[in-house]
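Report on one structure; see the data block that follows.
In this chain, residues are counted from 1 in sequence order.
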Amino acid sequence: MSPVSQRDVTAYYGEDEDEDDEQEAFEVSSVSEVTVEEAELDSEAELMLQMGLPVQFGGSAFEKNFVPPETCVKQHKIRKKKKKKTKCSKDKSIKEVMDNITDVCEDGSESIRDGCEDSPATTGEEGALDPTSVEPSFQENWDRYWNQYGQGILWQGWVTKHEEPELSGGEPWNCPTTKEEWAEHYNETYWHYYGQFQYWAQQGWTFDEVSECKDLEEADKIPNHTVHVPPTSTESIDCLSDCVNGVKNINLDLKGMERDSKPLSVIYESHQMQNPESLEAQCPCDPDQSEPRDVGSADRDASSGHTHTSQPAVKVSRNNSSCGQTPVNGEDDDEDEPPECRQAKIKRSHELDAEENPCQVAAEVSTVLGLKHGTGQKYGGISHFKHRTLRYLEKGVKHRSHFLDMHRPVKNRHIFFSEGSEVKPLKSKTVNKKFLKGVGEASSDLLNEDLSLQKVEESPSSSDSEGLDHCSISDPSAQCRPSDNKELLENTEDPDVEGECVSHDQIITSPSETTDSGSRRLGSLLPSNAIWCSDPATGMEQESDADTNLADTRQLVSLEIPDYLQAEAEENCNDSFSKAVDNCKKKRKKPKKKVQSLPPEIASDPHLAKYWAQRYRLFSRFDEGIKLDEEGWFSVTPEKIAEHIAQRVRQCIPGAVVVDAFCGVGGNAIQFALAGMHVIAVDIDPVKLELAYNNAMVYGVADRIELIRADFMGIACDLKADVVFLSPPWGGPDYVSAETFDIKTMMSPDGFEIFQLSQQITKNIIYFVPRNTDVEQVASLAGPGGQVEIEQNFLNKKLKTMTVYFGDLIRK
Ligand SMILES: C[S@@+](CC[C@H](N)C(=O)[O-])C[C@H]1O[C@@H](n2cnc3c(N)ncnc32)[C@H](O)[C@@H]1O
Ligand SMILES: C[n+]1cn([C@@H]2O[C@H](CO)[C@@H](O)[C@H]2O)c2nc(N)[nH]c(=O)c21
């Protein structure tokens, strides 16, 4: 099997709190590892590969452990049938069977099972494994499959078992010494493949009918094979082997899957990645199955060590604490967790053993993360998803995946906001207290990571379901350092904005195998209960969930440090950091009341008052002459987020030329320029360009921003740049009213078209999208084999936006 290209989905959630586990969690399997493993494939696996069947079904463990994807009852029946079939075969004339094999080779039409009338596939006895009870066309398909490949499979299996088959006594099925063994082999093989076929058929897979097999003349074209040919049936066996070698494709019947709503699965590293050229998709398990899954397949995959692929390892960390397993410091935080979280037992793929089922693991992980398994293809950017893997980049992911649960629809989390312009401060003393405590006790781990702080105190609420709520401040790109605290103070002069905090959770993902009839949001992937529930305005929930906020130890920030981390934090508290926090506390001053007349656009529209209230969050130098228009107010990227994005670009591609394709009033363009980039700022609206210029002047970067009034869609192909930043209109503030935002249909220009045009400029694209964006959809933009990093942007404790990175902008 040729090495396969990387098609994983890698979700970066954060660090595992368990150091020991972490080491392994970050290991990434490489192509070379795969190659070694491939070399160790047992013969059956090789055969499976030749067949284009998932190799994880090819390990020798299969015989022992294979459990068809039916119920245990069915499994039992299979065994029963196997016994019966064995008996049958013994009784039957083996010669008769093999005659039929020869017939198949000659005319390609006869069925092997004709040779055994009570073949398991045809008796339907006791209803066991009655294929018709599974799929109406199953029997037909199976017959065709077995006709086509059965002979080759049988013979190759035989050859594999007997390296040098003794053929002097005649064909093994005729030879008295091997006759019985052949019969057993036949039965074993038949059922083995029958079970697999049934399983895969249920998953929506079909197989390609190979013309070579039917057309003997074509056999010559098939590369030489090493099948040992019994002297008495050389031709037929040759043919059969060729047929086997000629098997190239097994395809996912997407249409069928759509139709049947057969769920696909999230695939983890431990699953074999098929040759991308020959497989349309890979889907070894149905996570929605309540019934036992194909343990055999899983076992084989795990026990045979076939991690197989060139894709990065799936790093699904042991879910031993955050989800009710073994909480750090012995704390059982189970109570706060969603039920599905408690059930999860996530393991790293490399830890899978013969008793475990990676399919189940995958399903559980996805359950924990709020993933659903869907069907069929849905998005324009990619026909379907091949693979998803999850990889925890940062420590504490388990906590985040627990605490940051975002299962609830976004819109339900904003009901408390008032619609009026009068924004009443909401007290959140509990949160604040806990936060400060948490910050003061930040662990050294935290100190080594980017940090931003937040204060949640008397911050204004907002009627904005877009989330201009209480304020926050942070330096998401900077390393944690005391000066962050200073910055916090310096930026909290807005009477309405005490503090600000930008949190960025990341996911790297790429097209996965699943699409869902219902779209998914990143929110589902990155749990964030704490974010929402601890909103001061949510009252009751706030108290309980305040504890559950946690520090992002890599990139962001400490919202509140959960109790179980606080103990650790106390031990490791960095002095200077503590001082800084103390300073921060001392320096927090009564905000200066600025008497400032409302700009006309604000005065004329009460709904914009909330934006006015948070003007410093949008532009920290607002008072120096920043100007916005109505659209600018509600759609400008808050400074800290814009700064964070710019810093990421600077880190990945220093001095880049960046196209800000929808520059608006310059929120992003200014930050790119401040980060040392040359910016080509495009906007279709001349007013925006004027405002952008004005604002760039305020920040002293107008000379680094080239303003172009144009329809980006029309000029994209003429632009040259290292990076394209996409912050298109989302259709106004109402974008949040959709539970899931579809970038293709809900924004104009079409989000897919925007992206495709941008790809003509560069692969390094940043897509700034609504927080309720269908995460699978944006992942699909990466295309087959692609990767994407999806980042959630939190302001204060609320998820505001998502930023999606492509190309070299994905952090490795
Ligand atoms: C969401 S705003 C951008 C906000 C910007 N990132 C900021 O921080 O100020 C979107 C902008 O895209 C502009 N726009 C809409 N359609 C456009 C097009 N086809 N080409 C270029 N600009 C467009 C709008 O005029 C608007 O200013
Ligand atoms: C309607 N809106 C809000 N934001 C951004 O989402 C945050 C939360 O609502 C806003 O603060 C703004 O940054 C938008 N960004 C873009 N690119 N396009 C929009 O139409 C838009």
Checking salt bridge (charged side-chain N to carboxylate O under 4.0 Å, His left out) for the pair D683/R709: CA distance, chi angles, key distance, verdict?
CA-CA 5 Å; D683 204 288; R709 191 183 84 77; over 6 Å; no

F619 and L628: side-chain contact (heavy atoms from CB on, under 4.5 Å), yes or no, with the steps?
CA-CA 10 Å; F619 289 100; L628 299 93; 4.0 Å; yes

Passes side-chain contact (heavy atoms from CB on, under 4.5 Å), R771 versus V736? Steps please.
CA-CA 8 Å; R771 62 172 179 258; V736 276; 3.1 Å; yes

Using modelled atom types only, decide if a donor and an acceptor are shared between the side chain of N764 and the backbone of D808 within a distance under 3.5 Å.
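At least one qualifying donor-acceptor pair exists.
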
Backbone of V665 reached by a side-chain donor or acceptor of N695 within 3.5 Å:
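Yes, because the side chain of N695 sits within donor-acceptor range (under 3.5 Å) of the backbone of V665.
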
Is it true that [Y] and [X] share a donor-acceptor pair across their side chains at a distance under 3.5 Å?
{"X": "N793", "Y": "T803", "result": "yes"}
{"X": "T637", "Y": "N668", "result": "yes"}
{"X": "E791", "Y": "H644", "result": "yes"}

V649 vs M677, side-chain contact (heavy atoms from CB on, under 4.5 Å): CA-CA, chis, key distance, verdict
CA-CA 9 Å; V649 175; M677 281 152 249; 3.4 Å; yes

The test is side-chain contact (heavy atoms from CB on, under 4.5 Å); show your working for F794 and Q792 and say whether it passes.
CA-CA 6 Å; F794 293 94; Q792 288 181 310; 3.6 Å; yes

Check whether NZ of the Lys or CZ of the Arg R648 lies under 6.0 Å from the centre of the six-membered ring of Y805 and within 45 degrees of that ring's axis.
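Yes - R648 lies over the ring of Y805, closer than 6.0 Å to its centre and within 45° of its axis.
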
Would you say the ring centroid of F662 lies under 6.0 angstrom from that of F712?
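Centroid distance F662-F712: below 6.0 Å, so yes.
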
